[in-house]
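Written below as structure tokens is the structure these notes are about.
Note on naming: letters A, B, ... go to the chains in the order of the sequence lines (proteins, then strands), and numbering restarts at 1 for each one. Quick caveat, the model's predicted, so the values are computed rather than measured.
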Amino acid sequence: MISVKDLKFSYGDFNVIDGVSFVLNRGEILGILGPNGSGKTTLIKLVGGILKKKEGKIEILGKEIEKYSRKELARKIAMVPSDLGAGFDFTVYDMVAMGRYPYIGFFDTLTLRDFDLIEKAMLATGINNLSRHSVREISGGERQRMLIARALAQNTEILLMDEPTSNLDLKFQVEIMELIENIRKTGRGILLTMHDVNMAVRYCTRVALLSKGKIFSIGPPDKVINENSIVEVYGVSGKIIRNGDGKIVYILPEKIQ
Amino acid sequence: MKSGLLLIISIVLFFFSIVFSLEIGAVSIPLISVMVKLFHPGNDVYSIIIWQLRMPRILLAAIVGASLTVSGAVMQGLFRNPLADPYVTGTASGAALGATISMFFGFFYISIFFLPLFAFVGALLTTLIVLLISSISGSLKSENMLLAGIGTSIFLSAFVSLLLYLLGKDLLTVFYWLMGSFSGATWTEVYIMFFVAIPTIAIIGIMSLDLDPMMLGEDHAYSLGIDVKKVRVIFFILASLITGLSVAFSGIIGFVGLVIPHIVRILIGPKNRHLIASAIFIGASYMVIADTISRSISIIEELPVGIVTSMIGVPVFLFLLVRERNYWG
């Protein structure tokens with residue numbers, strides 16, 4: 001669905017993304033992991049077309065990203081940004097309805113099909129009872145679900161999410177990840193960045209460890225995450241607890257290297 | 001409140017404000033005469049007062065009120081800041097400087113069209129300079145833009161004062177113009193506003209769907225298919241155009257662009273299509289009523305309309321603000 005080759009991006013002389021290549025397949029969750037400043041968010045923004053690459057190639061559904069208009073791109077990729085600029089008092093319903101904006105022109109109004117998709121997205125994310133609430137009145141977890149609902153209403157094959165579980169307590173983290181897993185089962189491809197290695201190991205089909213703008217390793221979590229890669233990428237040694245089948249159960253960071 | 005209901009109320013209010021304003025003034029005209037002379041004008045005093053004096057003034061006030069309100073709504077959306085309006089962002093000061101330059105160098109006396117032209121160019125250049133300054137300091141953050149706008153605004157106001165000081169003889173007229181007034185309104189100004197400002201407002205209204213995602217921030221806007229840079233430039237040009245024209249023909253009338261959009265937002269929420277539709281008529285009615293008060297409160301001399309707009313509007317605004325605490329989050 002997404003194919004990235006030798007991608008480079010820099011702010012001035014500083015190479016934030018330095019030759020990254022990967023693919024995202026249908027029906028998988030690819031988690032981008034890495035310490036702060038490793039370039040996770042920049043990578044997501046490049047793939048989402050928010051930032052313009054300096055070098056390399058990004059293909060979305062077989063077509064180079066530059067060949068899409070903004071509206072066309074928004075019908076292929078929906079993005080869930082990490083923060084919500086809630087300077088204004090939109091209702092939850094209005095926010096989710098904005099997911100349909102890439103499909104409507106200046107002279108159009110929402111059609112029955114739009115309303116149907118908004119409704120379904122709100123049901124799937126369990127926020128249908130909040131529709132009249134202001135975005136300011138709802139909890140962090142509800143807010144995250146609302147942004148995911150908006151992305152679902154956008155009805156795209158690819159979803160990008162920047163830190164979908166950050167600032168949420170444990171219950172909401174699990175809730176959001178279960179929701180994302182359910183979305184994956186519908187055959188969509190999901191690219192997300194994560195801080196929490198344990199959550200990533202549990203839910204991602206594959207993970208990519210990003211370090212200083214380069215991919216250190218990429219593959220199934222049980223292969224990529226090990227004592228060595230944790231030290232190399234995060235600069236901390238840790239214990240990795242595996243079950244009988246060799247599957248990672250828990251990563252316990254121990255000592256700064 | 002339902003947005004459709006508010007739109008109907010605001011349209012009704014708009015027509016009532018026009019009729020009310022036609023009746024009232026140094027000479028009060030009974031409602032029945034207003035109605036008769038509106039549809040069957042003659043050469044009598046009432047017809048002349050209605051069609052030559054009051055109507056152009058009312059229509060100019062209405063279009064300026066609508067322009068400033070829409071411009072304010074656009075700026076608040078683009079800057080993602082409830083404090084933004086054409087005055088804070090420097091747009092209006094640029095327009096005032098442009099207009100003052102046209103007077104200072106005498107272009108204004110060659111043709112009336114130079115005044116709005118200079119004001120528009122001043123408004124647009126200032127907006128572009130503010131955008132440029134705020135983008136040098138990093139990405140186009142709304143806080144940077146506001147600070148750059150306020151700084152530029154103060155700088156340009158000093159220039160306006162300097163030119164006025166040098167202008168000397170016509171100081172009082174220009175000073176009066178700067179304080180905001182519709183007293184010199186003629187049909188020519190109404191026509192210019194009618195053929196330029198109204199279509200511009202209509203375009204903004206049509207495009208206003210794109211403002212909703214812009215209010216959530218760049219990342220959201222991009223991911224919802226908005227070409228952020230293009231949309232931002234288009235809105236800035238359109239808002240500068242109507243602000244420039246308004247300042248050229250009526251001087252500096254603060255408050256309306258800042259507060260009317262907020263009042264409408266408190267009543268029906270922030271969706272820009274609904275907001276702008278109602279705000280056009282509420283802004284227009286508000287300016288018509290304020291101007292009527294400014295010209296009828298004293299028969300010797302008119303009050304600058306800016307004083308009236310602030311003195312009535314601010315208490316209403318503060319009342320709504322206290323009542324709707326949630327509005328500010």
Heavy atoms of B/Ser223 and A/Ala74 approach each other most closely as O-CB, 3.7 Å
Answer with side chain, backbone, both or neither: which region of A/Thr109 has an atom nearer than 4.5 Å to a non-hydrogen atom of chain B? both
I'd like to know whether A/Phe90 forms a side-chain contact (heavy atoms from CB on, under 4.5 Å) with B/Asp212, so could you lay out the CA-CA distance, the side-chain angles of the two residues, the decisive distance to 0.1 Å, and finally the verdict. CA-CA 9 Å; A/Phe90 285 102; B/Asp212 292 353; 4.2 Å; yes
With only heavy atoms counted, which part of A/Ile50 is less than 4.5 Å from chain B, the side chain, the backbone, both or neither? both
Does B/Lys230 have more than 12 heavy atoms from other residues, nucleotides or ligands lying within 6.0 Å of its NZ? no
When the 4.5 angstrom heavy-atom criterion is applied to A/Phe107 and chain B, the contacting part is both
For A/Glu175, does the CD atom have more than 12 heavy-atom neighbours from other residues, nucleotides or ligands under 6.0 Å away? yes
If you draw a 6.0 Å radius around NZ in A/Lys5, do more than 12 non-hydrogen atoms from other residues or ligands fall strictly inside? no
Verdict with supporting geometry, A/Tyr101 and B/Asp210, side-chain contact (heavy atoms from CB on, under 4.5 Å): CA-CA 8 Å; A/Tyr101 279 24; B/Asp210 279 358; 5.8 Å; no
Is the number of heavy atoms from other residues, nucleotides or ligands within 6.0 Å of CZ (B/Phe15) greater than 12? no
Most contact-rich option vs chain B, by heavy-atom pairs under 4.5 angstrom, among A/Leu160, A/Asp108, A/Thr156, is A/Asp108
Around atom NZ of A/Lys212, are there more than 12 heavy atoms of other residues, nucleotides or ligands at under 6.0 Å? no
Mark yes when over 12 heavy atoms from residues, nucleotides or ligands other than A/Lys76 sit less than 6.0 Å from its NZ; otherwise mark no. no
Note: vs chain B, highest number of non-hydrogen pairs under 4.5 angstrom among A/Arg100, A/Met95, A/Met79, A/Arg150 is A/Arg150
When only pairs under 4.5 Å are counted, which of B/Leu209, B/Leu224, B/Asp219 shares the most heavy-atom pairs with chain A? B/Leu224
Heavy-atom closest contact (A/Lys71 atom, B/Gly225 atom, distance): CG-O, 3.5 Å
Evaluate side-chain contact (heavy atoms from CB on, under 4.5 Å) for B/Val231 paired with A/Arg70, printing each intermediate quantity in order. CA-CA 12 Å; B/Val231 166; A/Arg70 284 248 54 109; over 6 Å; no
Spacing of CD1 belonging to A/Ile77 relative to OH belonging to B/Tyr222, to within rounding of 0.5 Å: 14.5 Å
